[in-house]
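Read the numbers this way: they start at 1 and go in the same order the structure lists the ligands and their atoms.
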Amino acid sequence: MLESENNLLEIRDLSVEYKTRRGVAKGVDAISLNVPENKTLGVAGESGCGKSTLGRAIMRLVAYPGRIISGDIIFNIEEDIVTSNATIKRGQVNLLKLNEKEMRAIRGKEISYIFQDPMTSLNPMATVGTHFIEIMKAHDPTIEDEKAIDRAKKILIGLGINPERVTDYPHQFSGGMRQRVMIGLALALKPKLLIADEPTTSLDVIVEAQILEEIAALKDKFNLTMILITHNLGVLAQTADNIAIMYTSRVVELSPTLDLFEKPLHPYAQALLQSVPDVTHPEKQLAWIPGAPPDLVNPLPGCMYHPRCPHAMDICTQIVPPLVEVEPGRLVACHLYLEG
Ligand code: SF4
């Protein structure tokens with residue numbers, strides 16, 4: 001965990017599992033992380049390593065057949081939350097101990113989520129304005145439609161969208177515009193924590209750069225704390241303060257962004273960074289990681305990276321390396337850094 005006195009979020013020993021026909025697979029395996037206030041934590045790794053499961057677990061939105069099996073998710077609430085269905089006192093609350101009504105009062109208002117694909121997250125039968133009205137009324141049923149639409153228009157202007165388009169339907173927007181609408185909806189209630197799950201995956205590189213710039217500007221404007229989930233390390237280089245590298249449901253390295261890019265410590269992090277194109281050295285051949293991640297239903301003993309790791313030792317095939325601080329502020333799960 002990156003220790004800090006002003007953590008907005010503390011995840012302790014969180015595990016999520018999925019029941020499949022072939023057996024149980026760990027989606028998130030004993031993860032502990034801190035997210036300091038106003039900072040951005042990037043979460044990176046190959047597809048299927050548990051990044052999105054981690055994000056959804058924080059929102060308690062892990063879909064069946066997944067379920068959170070253990071851990072604590074401590075979130076710091078600044079002011080009492082009072083809705084018609086729930087009252088939550090200010091201070092640290094364990095999200096995993098809240099009932100569903102209390103959790104609904106947290107979602108959107110305290111923690112918001114931008115999903116990967118806006119087209120499947122927006123209701124094709126509802127106008128953009130209706131989406132804003134619904135999200136605002138879910139937290140304040142007394143708010144009038146006109147007032148909600150006025151707020152929606154202001155948010156759309158801030159995102160570079162003509163406010164008159166509140167009456168348009170999602171299919172009438174381009175992919176980039178739809179993602180902007182999703183960002184607007186996520187920020188409508190001024191949350192403290194924004195979880196963005198591959199927010200630019202379906203966009204071309206130009207729109208991707210614009211959206212990332214806008215997200216960074218909004219983060220500063222709204223004093224947001226962010227968790228940015230992506231497989232694209234280039235995106236994190238520009239936006240994240242700290243990066244957690246995940247492999248097979250576990251965090252294998254957690255480092256400040258600059259340190260990670262300058263000198264990745266975990267062999268998997270090293271290989272990931274070597275596979276990022278370097279525009280300053282176009283002649284350089286991209287590296288690739290041999291093999292594929294192991295089957296999570298039949299997990300390997302020891303370090304799950306050992307069949308692909310050029311530094312694997314005997315101990316790596318037997319004992320799971322714990323995530324420990326090996327340099328100030330840098331945590332790594334690898335036997336290369338463990339004495340004895
Ligand atoms: Fe490689 Fe062993 Fe470190 Fe795993 S623990 S990354 S196999 S050296």
Using a cut-off of 6.0 Å, state whether more than 12 heavy atoms not belonging to Gln92 lie near its atom CD. yes
Could you find the nearest protein heavy atom to atom 5 (S) of ligand 1 and give me its residue, atom name and distance? His335 N, 3.3 Å
Arg67/Glu17 ion pair, N-O < 4.0 Å: yes
Which atoms of ligand 1 are found less than 4.0 Å from any heavy atom of Cys316? 2 (Fe), 5 (S), 7 (S), 8 (S)
Got the closest protein heavy atom to atom 1 (Fe) of ligand 1, with its distance? Cys309 SG, 2.3 Å
N, O or S from Cys334 under 2.8 Å to atom 4 (Fe) of ligand 1: no
Could you tell me which atoms of ligand 1, counted from 1 in the order shown, lie closer than 4.0 angstrom to a heavy atom of Cys303? 4 (Fe), 5 (S), 6 (S), 7 (S)
How are the rings of His266 and Tyr268 set to each other: parallel, tilted or perpendicular (split at 30° and 60°)? perpendicular
Tell me, yes or no, whether the heavy-atom count around Lys137 atom NZ, taken from other residues, nucleotides or ligands under 6.0 Å, exceeds 12. yes
For ligand 1, which atoms have a heavy atom of His266 less than 4.0 angstrom away? 6 (S)
Ignoring hydrogens and angles, state whether a donor on the side chain of Arg308 or Tyr247 is under 3.5 Å from an acceptor on the partner side chain. yes
